[in-house]
Visitor: 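Quick one: the structure is below, and I'll ask about it shortly.
Each chain gets a letter, A, B and so on, in the order its sequence line appears, and its residues count up from 1. Note that the structure is a prediction, hence the values are computed from the model and not measured.
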There are 2 protein chains.
Amino acid sequence: MEKQTITIYDVAREANVSMATVSRVVNGNPNVKPVTRKKVLEVIDRLDYRPNAVARGLASKKTTTVGVIIPDISNAYFSALARGIDDVATMYKYNIILASSDGQTEKEVNVLNTLLSKQVDGIVFMGYHITDELRAEFSRSKTPVVLAGAIDPDQQVGSVNIDYAKACKEATELLAKNGNKEIALVTGSLLDPINGKQRLNGYKEALKEANLPYKEGLVFETVYDHKIVEDLAERIINSGATSAIVTQDVLALGILNAIQDRGIKVPEEFEIVTSNNTFLTEVARPKITTTSQPLYDIGAVSMRLLTKLMNKEEVEEKQIILPHGFKIKDSTKK
Amino acid sequence: MEKQTITIYDVAREANVSMATVSRVVNGNPNVKPVTRKKVLEVIDRLDYRPNAVARGLASKKTTTVGVIIPDISNAYFSALARGIDDVATMYKYNIILASSDGQTEKEVNVLNTLLSKQVDGIVFMGYHITDELRAEFSRSKTPVVLAGAIDPDQQVGSVNIDYAKACKEATELLAKNGNKEIALVTGSLLDPINGKQRLNGYKEALKEANLPYKEGLVFETVYDHKIVEDLAERIINSGATSAIVTQDVLALGILNAIQDRGIKVPEEFEIVTSNNTFLTEVARPKITTTSQPLYDIGAVSMRLLTKLMNKEEVEEKQIILPHGFKIKDSTKK
DNA sequence: GTGAAAGCGCTAACAA
DNA sequence: TTGTTAGCGCTTTCAC
């Protein structure tokens, strides 16, 4: 015989009250006489009653669940963001439906729709660039959306980022000040506005202020891949670069190793700066000088912003820029 | 004016059919005349109708959602498992509710109950040891549970693991064969049966077969923490050990660095073997010899097993042991 | 092949 | 302070 599920109705019957009263007790509604509350709580305990969140979601049109779209959960950058998102979500009693996109637009649209069909109260989106198609989907529903570490040119949805241009400019400035004439920039796809607009601009600006010419041959657009690192390092060296700014820690570490494996001394003969200050910059030898993005905070603040949006609170500014830092370690002369 | 949500009723009305027929079309039920199906699909498209998964969940008592309990999503070991879980879940059209436990029993019980209240169809649990309290909760509900990389002494729920004892024994054997008389074992909590039972036993067995005495002073029980590594490395060296087996890659890398920073040569003067073959073993210098656990597969197989359990398929064996490997790299003499 | 109607377990007016 | 009663949007018998 199947074990019968206990419903709110069973509790009401046993406690000699109405379903509404049980509902009030369960939801902490103060309009219940203490005696009644006590009686109901006893029955709930005795029957081992657990409210059915799905039924509740249907009736109230709130699921206390948010969707989180992530390109790759096993990527340290994204999982750091996810950690921040998750902690704040827990704090505000939300659960998270995690959906992987592999950074592919088609899948992004797909999972977005699945999440919406599951009636999530809001969505945090991590990814590279936001295609028009995706933006269209965002505005098609009234479910609030926040981008964590991604930029929406339209500024229709919320977003949390750092000032990538400034960060990249600072890194370039340091390398220029250290006497480098040939500074390589190694980034992800330039189609992604964070790279192609912000970072590239910051880089160019710093070059100009240092009276260094901008050379296309020093800009390396790449996707991270274990096998590509050796070849990439080779090309960077051949380009004549004496230093490099890398926008991803794993990649920077790979390049650092490849360069040193060739007998080139870091930082004496080659300097390298990276971008995310994950623990990889610490376990590398030498430790890598890095921009420090507050990854956890970007995630946390995104989720916090989303709670406000879901709650229909007034937010003065939906486009949040968090401060970043710069940590000089041992992969640069100073 | 609020945008009205389109329901199955709207579609039925517009298409001049009943809700039941629309439901059949949406669910791919073959008992619908092609003409009717076409008509309904057109209306669905025109109205931009999206089925409400919550309502569907309430009516059908299936949510196509599984709960995943994870100690720390930003930990490379767990996120590798999660990746495998997620991929297979997607393959079988399940969504994932991710719930963090920090490895604390209290939170584990807590999130388990939240997940059950959200009516997940099944649960994948990652964690260290399974307390009695947790086991009691597992058996309290009939929702299927699978442990990924964790052991249930009772064997009541499903689980996917490797043979940790054998893996640890192999590592010990290698170090013994290389001439080490003092082999340190650095593991997480010995209360966790994977460490305290399996790994420790494998270690002892290998020692015995190599005619080496077991010394308690060579067993280091530790939790990973950035700040503890220096001190730990110091203690390992002082213990007289000339080699170490470490059960966590980050930790192994930290120890490797700390030892080399002290001017000790690896592998000439100190050999080290680690356990998870994450990319960290590759970016380390020297690269670290390691047991290779098929992390992604453990996750993937767990989820696959769970789909069978949720589907009430017969499974001959709920306790799955996956094969592991051993990769000799540069942190051991051979 | 299709429709009518009874729930699924809960919330939220509204009334008392 | 409490109860009555519609739904929420869908699935699923059971008839026809």
Visitor: Which residue, A/T7 or B/P34, contacts DNA chain C at a nucleotide closer to its 5' end, judged by nearest heavy atom?
Guide: B/P34
Visitor: Which of the following nucleotides, D/dT12, D/dC10, C/dT11, is nearest to the side chain of A/R56?
Guide: C/dT11
Visitor: Taking for each residue the nucleotide of DNA chain C bearing the nearest heavy atom, is the 5' side occupied by B/V17 or by B/L58?
Guide: B/V17
Visitor: Could you state the CG-C1' distance from B/D10 to D/dC10, rounded to the nearest angstrom?
Guide: 13 Å
Visitor: Rounding to a whole Å, what distance do you find between B/K118:NZ and C/dC10:C1'?
Guide: 15 Å
Visitor: Can you measure A/N29 atom CG to C/dA13 atom P for me and round it to whole angstrom units?
Guide: 12 Å
Visitor: Please give, in whole Å, the distance from C/dG1 P to B/M19 CE?
Guide: 21 Å
Visitor: Using a 3.5 Å distance criterion without hydrogens, assess whether the side chain of B/D45 forms a donor-acceptor pair with backbone atoms of B/L41.
Guide: no
Visitor: In this structure, how many angstroms lie between the P atom of D/dG3 and the NZ atom of A/K33, rounded?
Guide: 10 Å
Visitor: Between A/S18 and D/dG3, does any side-chain N or O lie under 4.0 Å from OP1 or OP2?
Guide: yes
Visitor: Among D/dG3, C/dT11, D/dC10, which nucleotide has an atom closest to any side-chain atom of A/I8?
Guide: C/dT11
Visitor: List the atom of B/L47, the atom of B/E14, and the distance in Å for their closest heavy-atom pair.
Guide: CD2-CG, 3.8 Å
Visitor: Working note: B/Y49 + B/V26, criterion side-chain contact (heavy atoms from CB on, under 4.5 Å); need CA distance, chi angles, decisive distance, verdict.
Guide: CA-CA 10 Å; B/Y49 164 71; B/V26 169; 4.1 Å; yes
Visitor: Check this one for me: any side-chain N or O of B/N52 less than 4.0 Å away from OP1 or OP2 of D/dC8?
Guide: no
Visitor: Quiz question: going by heavy-atom distance under 3.5 Å, is there a donor-acceptor pair between the base of D/dG3 and the side chain of A/R24?
Guide: yes
Visitor: Check whether any side-chain heavy atom of A/L295 lies under 4.5 Å from a side-chain heavy atom of A/R83, and answer yes or no.
Guide: no
Visitor: Whole angstrom is fine here: how far is it from NZ in B/K62 over to C1' in D/dT11?
Guide: 10 Å
Visitor: Any base atoms under 4.0 Å from B/V54, or only sugar-phosphate, or nothing? Heavy atoms, all strands.
Guide: nothing
Visitor: What's the closest nucleotide to the A/T21 side chain, out of D/dT2, D/dG9, C/dC10?
Guide: D/dT2
Visitor: A/I6 CD1 to C/dC10 C1': how many Å, rounded?
Guide: 16 Å
Visitor: Below 6.0 angstrom between ring centroids: does that apply to B/Y128 and B/F78?
Guide: yes
Visitor: Taking side chain to side chain contact (heavy atoms under 4.5 Å, CB included) as the criterion, tell me which of A/T63, A/V54, A/T65 meets it with A/Q119.
Guide: A/T63
Visitor: Does OP1 or OP2 of C/dG9 have a side-chain N or O of B/K61 closer than 4.0 Å?
Guide: yes
Visitor: Specify the separation, in whole Å, of atom CZ of B/R50 and atom C1' of D/dC10.
Guide: 17 Å
Visitor: With respect to the side chain of A/N31, which nucleotide from D/dT1, C/dT2, D/dG3 is positioned closest?
Guide: D/dT1
Visitor: Look at the side-chain N and O atoms of A/Y49 and state whether any lies under 4.0 Å from the OP1 or OP2 oxygen of C/dC10.
Guide: yes
Visitor: Any side-chain N or O of B/S23 below 4.0 angstrom from OP1/OP2 of D/dC10?
Guide: no
Visitor: Which listed nucleotide (D/dG3, C/dC8, D/dT12) is nearest to the side chain of B/S60?
Guide: D/dT12
